[in-house]
Structures are given as C-alpha cells and as structure tokens.
Amino acid sequence: MLEILSKAVGPHRAVSVYAFLQTRGLAVAAVIGFVLIAGGLLYFSPDEHHEHEAFLTVPVLSATPINGDLRQGVIASVRLPDGSATSITTTEGVLATTVGETACIEKRVYVETGEPRYRFKLPDTCATN
C-alpha cells in the first residue's frame, strides 16, 4: 500500500498518509459510509404526501398508559365513524392525558394510496371545527 501511495502522492507524503489511514482510516470510512447510506435512504425514499381530511371526536374503547404512566403516552383503541376500530398511539403526555371516554383525532389521507392515518389532537381542536 505504501508503494501505491508513494506513486500517487509522492514518497515524502506517502508515509504521513499511510499513518493517517492506519490510525483514523476506519473512522473516516465509517463516516463516509454513514453519509452514503443516509443520503441513499433520503434520496430513494418514497415521497408520501398526506392531506388533512377532518378532525373527529370519537369514543374510546380502551386506553392503556405506556409503562403505566400517562406522562409517557397512551395506546388507545377508538371507534371510527364508519364503525371500525383502530389503535392509536401517542408518546406526548399532554395528549395522553386528554384521552378519556372520547378523544379528538385528526384523520389524514395519503395522496397516492388513499390510506387513512389517525393521530390524537387536543380536544379544543375538535371543539372549534
């Protein structure tokens, strides 16, 4: 490797470059690899745009605090207006404490697939709409 480096950068700098690669080469390669992988994931990820459809007040079927503490969040099963049930999770303590017999949720729909997604909102959001 030292011969290749001496032909590429000269014999005096080859030793310095070789020593640098021996001591920090693995870290440099890891950073470059991480940047390439992260950039590839961002570049090739699907572009999933969603649109707000409605704010809904729905009945809560069951609610379980995460780790037994509402400040950690809640996992709740809710009854949707079409009669089906779904589970919604939030890790925000402020939203988790508002989940009682009813909950305010936002319905968002992905543009390309039409798939609905739901998330909790503060109760005053549903009251104003």
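Only heavy atoms go into these numbers, but all of them, side chains included; no hydrogens, no water, no symmetry mates. In this text the structure is predicted, and so the values were computed from the model without any measurement.
The OG1 atom of T125 lies 13.0 Å from the CZ atom of F120; values are rounded to the nearest 0.5 Å. Rounding to the nearest 0.5 Å gives a distance of 13.5 Å between CD of E106 and CZ of R117.
The shortest side-chain heavy-atom distance between I75 and I66 falls under the 4.5 Å cut-off. Between E115 and V109 the shortest side-chain heavy-atom distance does not fall below 4.5 Å. Residues P116 and Y118 have side chains in contact (heavy-atom distance under 4.5 Å, counting atoms from C-beta outward). No side-chain heavy atom of S77 sits less than 4.5 Å from a side-chain heavy atom of T86.
Applying the 4.5 Å side-chain rule to ILVMFWY residues, one finds that Y110 remains a lone member of its cluster. Through side-chain heavy atoms spaced under 4.5 Å, either directly or across other Ile, Leu, Val, Met, Phe, Trp or Tyr residues, L41 is tied to I37.
The number of heavy atoms from other shown groups lying within 6.0 Å of CD1 (I4) does not exceed 12.
With V78 as the partner, the side-chain contact (heavy atoms from CB on, under 4.5 Å) test is satisfied by one option alone out of L61, L56, I88: I88.
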Please list, one pair per line, the donor and acceptor atoms closer than 3.5 Å that link side chains of residues 91-103 to other protein atoms, with sequence neighbours excluded.
| from | atom 1 | to | atom 2 | distance (Å) |
| --- | --- | --- | --- | --- |
| T97 | OG1 | G93 | O | 3.4 |
| T97 | OG1 | V94 | O | 2.9 |
| T98 | OG1 | L95 | O | 2.6 |

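Here disulfide (SG to SG under 2.5 Å) pairs that include residues 50-81, with residues two or more places apart or in two chains, number zero. Evaluation of the side-chain hydrogen bond (donor to acceptor under 3.5 Å, both in side chains) test over residues 59-70, restricted to residues two or more places apart or in two chains, returns D69-R71. Within the structure, the side-chain hydrogen bond (donor to acceptor under 3.5 Å, both in side chains) test picks out the following pairs touching residues 3-21 (sequence neighbours left out): Y18-Q22.
The two residues P81 and V58 come nearest to each other via the heavy atoms CD-CG1, 4.1 Å. Across every non-hydrogen atom of C104 and P123, the tightest pair is CB-CA, 4.0 Å.
The main-chain N or O of L80 is never found under 3.5 Å from a side-chain atom of S84 such that the two would form a donor-acceptor pair.
Under a hydrophobic clustering in which Ile, Leu, Val, Met, Phe, Trp and Tyr are joined whenever their side-chain heavy atoms come within less than 4.5 Å, directly or via other members, I32 and V17 fall into the same cluster. Linking ILVMFWY residues whenever their side-chain heavy atoms come closer than 4.5 Å, directly or via other members, leaves L42 and F34 in distinct clusters.
Using a 3.5 Å distance cut-off with no hydrogens or angles, the side chains of R108 and H52 do not pair a donor with an acceptor.
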